[in-house]
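All remarks here apply to the structure that follows.
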Amino acid sequence: MRRVRHRVGSLALVVSLSVLAACGREVPPLPRLGPEDKVLAFGDSLTYGTGAAPQESYPEVLARVIGRTVVASGVPGETTTGGLARLDAVLEEHQPRILLLCLGGNDMLRKVGAATIESNLRKMVEIARRRGIAVVMIAVPEPALFGGTASFYRRIADDFALPLEDEVLNDVLKDNRLKSDPIHPNAEGYRRVAEAIADLLREAGAV
């Protein structure tokens with residue numbers, strides 16, 4: 001009995017230390033945004049703002065919250081393959097200081113392999129990095145009843161030292177009061193997404 005208690009106690013200690021380590025994770029720094037610097041919100045329908053009026057999309061709300069230009073470049077239905085194909089041209093057009101990268105949901109809905117999604121996201125980060133553009137990763141929840149965000153978002157963020165927002169979309173899309181349909185937020189949901197990203201930008205020193 002004493003040995004069992006010791007094992008249970010050891011397991012509890014490991015779990016507690018893991019939780020503390022996660023809570024104490026430092027946010028990688030971002031460049032400070034000047035008054036004329038742009039932020040590019042790049043993604044699919046979650047960036048486009050499907051389910052709400054244009055002025056209620058998260059990029060529009062974020063711009064008002066942080067007092068900077070936020071360019072919305074969301075294409076409903078886009079996969080990471082499509083995003084990878086168009087990213088370089090969009091970066092060239094807008095010359096942002098920071099890229100908010102939010103893709104992967106449509107891949108998962110279409111059952112694209114996780115390795116392909118991760119590879120495409122990594123290539124997009126590399127494209128931005130080559131241009132000297134900082135990247136923020138925004139994780140999308142897996143399309144499952146009790147699914148959280150896919151593990152590759154954290155892996156990419158850790159490998160590239162990127163700020164990661166991996167909670168807000170998962171929380172919003174589990175709350176029917178914050179959704180316009182099963183996979184899109186409503187205006188209040190997008191407001192919460194914008195506020196969470198604004199908090200992350202502040203914590204990382206961008207604003």
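By the 4.0 Å N-to-carboxylate-O rule, Arg32 lies too far from Asp37 to be salt-bridged with it. A salt bridge is absent between Glu126 and Lys123; no separation between the charged side-chain nitrogens and carboxylate oxygens falls under 4.0 Å. Between Arg155 and Asp158, none of the side-chain N atoms (NZ, or NE/NH1/NH2) sits under 4.0 Å from a carboxylate O, so this pair counts as no salt bridge. A salt bridge links Arg154 with Asp166: at least one charged nitrogen is closer than 4.0 Å to a carboxylate oxygen.
Counted by atom type alone, Thr79 and Asp107 present zero donor-acceptor pairs between their side chains at under 3.5 Å. Counting only N and O atoms by type, the side chains of Asn120 and Thr81 include a donor and acceptor under 3.5 Å apart.
Interatomic distance, CG of Asn176 versus CG of Asn186, reported as 10.0 Å (0.5 Å rounding).
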Please list, one pair per line, the donor and acceptor atoms closer than 3.5 Å that link side chains of residues 39-50 to other protein atoms, with sequence neighbours excluded.
from	atom 1	to	atom 2	distance (Å)
Asp44	OD1	Leu46	N	3.1
Asp44	OD2	Asn106	ND2	3.4
Ser45	OG	His184	NE2	2.8

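Of all non-hydrogen atoms in Ala204 and Pro28, the two that sit nearest each other are CB-O, 3.5 Å.
The 12-atom threshold is not exceeded at CD of Glu36, counting heavy atoms of other residues, nucleotides or ligands nearer than 6.0 Å.
Through direct or indirect side-chain contacts shorter than 4.5 Å among Ile, Leu, Val, Met, Phe, Trp and Tyr, Val75 is connected to no other residue.
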Working note: Arg191 + Glu188, criterion salt bridge (charged side-chain N to carboxylate O under 4.0 Å, His left out); need CA distance, chi angles, decisive distance, verdict.
CA-CA 5 Å; Arg191 184 185 66 79; Glu188 175 60 19; 2.3 Å; yes
